[in-house]
Colleague: 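This is the structure I want to talk about, given as structure tokens.
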Amino acid sequence: GILFNNEDEKEDTSFEKNICRFFMGLFLIFHVFRAEQKFADHMKEKNEASSEFAKKKTLLEQRQYLPIFAVRQQLLNIIRDNNIVIVVGETGSGKTTQLTQYLHEDGYTSYGMVGCTQPRRVAAMSVAKRVSEEMNSNLGEEVGYAIRFEDCTSEKTVIKYMTDGILLRESLRESDLDHYSAVIMDEAHERSLNTDVLFGLLQEVVSRRSDLKLIVTSATMDSDKFAGFFGNVPIFNIPGRTFPVDILFSKVPQEDYVEAAVKQALQIHLSGMMGDILIFMPGQEDIEVRRFFTSLLQPQCNMRLEDLENAPPLAVLPIYSQLPSDLQAKIFQKAPDGVRKCIVATNIAETSLTVDGIMFVVDAGYCKLKVFNPRIGMDALQVYPISQANANQRAGRAGRTGPGQCYRLYTQSAFKNEMLTTTIPEIQRTNLANVVLLLKSLGVQDLLLFHFMDPPPEDNMLNSMYQLWILGALDNTGALTPTGRLMVEFPLDPALSKMLIVSCDMGCSADILIIVSMLSVPSIFYRPKVPSVHCSDQVREKFSVPESDHLTYLNVYLQWKNNNYSSIWCNDHFIHTKAMRKVREVRAQLKDIMVQQKINLVSCGSDWDVIRKCICAAYFHQAAKLKGIGEYVNVRTGMPCHLHPTSALFGMGYTPDYIIYHELVMTTKEYMQCVTAVDGEWLAELGPMFYSIKHAGKSRQVSNILPEYHTQHIQCAFVTLDHKTSHKGQFLKKLRFIYHMKAE
DNA sequence: GAGCACTGC
């Protein structure tokens, strides 16, 4: 049927106005505050109810009630007869908790552990906890888990849950995974970067080790592809236990998904049907609630106001990853009687967290994706249509506790004809420098021949190898150098590892260690929306080191340390406490590795120029040159690049001739994020394959020292002094550096 | 004068 009536929408409102209409409507009219106040009381009630359920059924009875129990013996038979099996286990089948236990009961743990990988840390932890309860043992004994910063296993452990990244690291130490008798790769259909690398590696391990069982779980739509990849291995189906979800498509394409979502949510709310609503939006910007206070109330989408006023209360709850965790927790609290929850989420609610009681899903059909462009070395963060697999996953969120409905704000024809069946796997749209380094260290000779399920673009691979060569991780033949081998030890991007390694000789390793840790954690600064926005910016300026964002970060950490790592101090200075704690954890982990690798910790004290030079030593390939007031051009591509407004260098009178950047991201413009001023001389000294010093028209030729893989890129590496591009102004300096890249 | 989906070692 017709879900929405577009014809009445004539006014041309801006995006922002639409957002504000969304929340002014929902948020204010439905007395959200009243609703929220009642939450606390009802939490207690809910807890009592769930413990009541636990009493009714024993753990064993609960295990036997799962769909997977009915096919237990068949499943074990097929695993016994095959080294690799694809298991299609739908939601609610019990595969994640039961498969490991079945293998244990069938004797596989007598000669090794049963390992089970998860794409997320919380999942690894919570599933391990559940299984240890079912096996009546203490967590960390028979059943344990391992995630970054936390190894909760012991010599007794026979069932080990872990993130896929952990298993990948373990395969570095022990390439045949001799400690395992079976490995289950759970949620493999999510195709994380680590999953895809493990696919290729584990397939080889199984071919070497006939006693190892590999079980890969998949969604229905990928199962044939998975089975084919591993050599036409059998597929085993386990039915799920979910409720039916009615899918309703929009009859006409929606111009504005925010407005359409508001209308749909209101329609559901006024229809009298019971149940909570979950709305999927592409980004934080669409969800952020606070900004709506500053906006004006707009007439509501042709709804009659008296209808709205008489409607029951509705609690609108935002959820996205950057939201502070105390606010995130609200979505799990039960709403009081008579209050309906309306959760507005990014795709964090698609897989990462599950809310019970959702009966209605409203799906805008978009998500944000980061896509890497290897040619210019830039990430683009953009809104894309979701895939059919995403859409089905989202719809499924309405059928967890009862029959549900899913309203798709796009047409059936768009779903069928315009959406991809599955999202492009991460390995095809990300910077591969890390993957390349890892595979090289595992002794993979020719990376272009590595057995990937979906091989990444060749250009991307070559570019990553080239970047590693620049950093001195690969030699002229493309083989790993001692520096490269050392870099693998660190759980960091290659350039950051390199920075840490060179910092020791430069006498500033303790300082660089802090900077690297700060860069490994997203969003240190918390920037509340109105009204304290200026306040937070002012506080931030207090940390500012005019010539460097990196040093600004160092400054923040040192001050936090001086204030005894206080969370109150963080709150006062608009800094994410959670992020800072993670910085500290990362620092401790990296420090351990440095000690292990005999890299001394030394501080340069107050001589911060040394630190800038050290940063330059690892990032000289990401440099920009001043061109006009406050304008920079990328030295590799000649592309204009902008200082990000949050940078310490932004809008200040100080405009250095050369800067290096940590990251280049295309959003509304090409922005350099996290920059540091450097000397031109340093660039020539530390990046001789890129830059040469030009003395009165004479140039120094760079010899061909590139590995064979990079023949296509050799031209890019040469410094060709081009007199045409050298002009007066800021070039009238003692030294001139010009970089020329052969355009395609 | 912008604003960042989500993971992981």
Side-chain angles (χ1 to χ4, degrees), chain A residues 16 19 117-124 146-151 162-173 187 190-198 280-288 290-291 319-323 345-353 364 366-371 379-384 386 390 423 425-427 429-430 434-435 437-438 487-493 496-497 520-529 533-534 536-537 576 579 582 585-586 589-590 592-593 630 642-647 650-652 663 665-673:
Chain A
E16 202 164 299
I19 303 169
T117 67
Q118 296 289 324
R120 276 169 294 279
R121 295 161 54 167
V122 267
I147 57 176
R148 186 179 184 181
F149 308 129
E150 207 179 336
D151 186 354
M162 69 202 115
T163 48
D164 44 17
I166 291 275
L167 189 64
L168 202 53
R169 284 273 149 186
E170 286 185 4
S171 72
L172 270 177
R173 306 259 177 290
E187 312 289 351
E190 287 187 25
R191 303 290 304 276
S192 76
L193 191 63
N194 292 337
T195 304
D196 269 23
V197 177
L198 278 172
F280 282 102
M281 285 284 152
Q284 175 182 339
E285 195 77 355
D286 298 333
I287 294 167
E288 182 59 62
R290 252 167 276 223
R291 69 181 308 169
I319 180 86
Y320 46 88
S321 77
Q322 300 282 36
L323 195 72
T346 60
N347 47 6
I348 191 175
E350 206 176 292
T351 50
S352 300
L353 48 88
Y366 295 97
C367 65
K368 278 192 178 175
L369 280 182
K370 210 171 181 180
V371 178
D379 281 313
L381 188 71
Q382 281 170 350
V383 176
Y384 291 94
I386 57 169
N390 290 137
T423 310
E426 192 184 359
I427 199 157
R429 53 181 171 84
T430 196
N434 237 329
V435 172
L437 190 65
L438 189 90
M487 281 162 71
V488 188
E489 296 294 327
F490 293 95
L492 294 168
D493 280 338
L496 289 173
S497 304
S520 301
V521 169
S523 62
I524 295 298
F525 293 105
Y526 179 56
R527 204 162 180 282
K529 305 293 166 178
V533 96
H534 299 296
S536 71
D537 285 350
H576 274 125
K582 194 170 172 200
E585 280 185 320
V586 172
Q589 189 194 18
L590 297 177
D592 286 348
I593 299 171
H642 306 86
L643 288 171
H644 197 269
T646 54
S647 168
F650 182 85
M652 311 298 277
E663 212 177 21
V665 178
M666 169 79 189
T667 48
T668 52
K669 274 192 226 167
E670 297 85 357
Y671 281 112
M672 295 176 285
Q673 290 180 339

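This one's a predicted model, so the numbers in the text were calculated from it and none came from an experiment. In what follows, every chain begins at residue 1, and chains take the letters A, B, ... in the order their sequences are listed.
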Colleague: NA contact type, A:Thr667, heavy-atom cut-off 4.0 Å: base, sugar-phosphate, or nothing?
Modeller: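 The residue A:Thr667 makes sugar-phosphate contact but no base contact.
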
Colleague: Quick one: label A:Glu150 by what it contacts on the DNA or RNA (base, sugar-phosphate, nothing), any heavy atom closer than 4.0 Å.
Modeller: nothing

Colleague: Quick one: which of B:dG8, B:dC6, B:dG1 gets closest to the side chain of A:Ile348?
Modeller: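 Looking only at side-chain atoms, A:Ile348 lies closest to B:dC6.
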
Colleague: Does OP1 or OP2 of B:dC4 have a side-chain N or O of A:Lys368 closer than 4.0 Å?
Modeller: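 So the side chain of A:Lys368 is within the cut-off, an N or O lying under 4.0 Å from OP1 or OP2 of B:dC4.
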
Colleague: Does A:Leu193 reach a base, just sugar-phosphate, or nothing at all? Heavy atoms under 4.0 Å.
Modeller: nothing

Colleague: Among B:dG8, B:dC9, B:dC6, which nucleotide sits nearest the side chain of A:Ile147?
Modeller: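 Of the options given, the side chain of A:Ile147 lies nearest B:dC9.
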
Colleague: As a test of reading the structure: which of B:dA5, B:dC9, B:dG8 is closest to the side chain of A:Arg169, going by heavy atoms?
Modeller: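 Given the options B:dA5, B:dC9, B:dG8, the side chain of A:Arg169 is closest to B:dC9.
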
Colleague: Base, sugar-phosphate or nothing for A:Leu168? Non-hydrogen atoms, less than 4.0 Å.
Modeller: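 No contact.
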
Colleague: Round to a whole Å and report the spacing from NZ of A:Lys370 to P of B:dG8.
Modeller: 15 Å

Colleague: Using a heavy-atom cut-off of under 4.0 Å over every strand shown, decide if A:Ser192 touches base, sugar-phosphate, or nothing.
Modeller: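 Nothing: the residue A:Ser192, judged by heavy atoms under 4.0 Å, touches no strand.
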
Colleague: Base, sugar-phosphate or nothing for A:Phe490? Non-hydrogen atoms, less than 4.0 Å.
Modeller: nothing

Colleague: More 5' along DNA chain B: A:Thr668 or A:Gln589, using each one's nearest nucleotide?
Modeller: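 Per heavy-atom nearest nucleotide, the more 5' residue is A:Thr668.
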
Colleague: Side chain of A:Tyr320, heavy atoms from C-beta onward: which of B:dA2, B:dC6, B:dC4 has the nearest atom to it?
Modeller: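 Closest of the options to the side chain of A:Tyr320: B:dC6.
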
Colleague: Out of B:dA2, B:dG8, B:dA5, which has the shortest distance to the side chain of A:Thr163?
Modeller: B:dG8

Colleague: So, A:Gln673 side chain and A:Glu663 main chain: donor-acceptor pair closer than 3.5 Å or not?
Modeller: no

Colleague: B:dT7 phosphate, OP1 or OP2: any side-chain N/O from A:Arg148 under 4.0 angstrom?
Modeller: no

Colleague: What's the closest nucleotide to the side chain of A:Ser321 if the choices are B:dA5, B:dC9, B:dC4?
Modeller: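 Of the candidates, B:dA5 comes closest.
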
Colleague: Residues two or more places apart in sequence or in another chain: which of them pass side-chain hydrogen bond (donor to acceptor under 3.5 Å, both in side chains) with A:Thr117?
Modeller: none

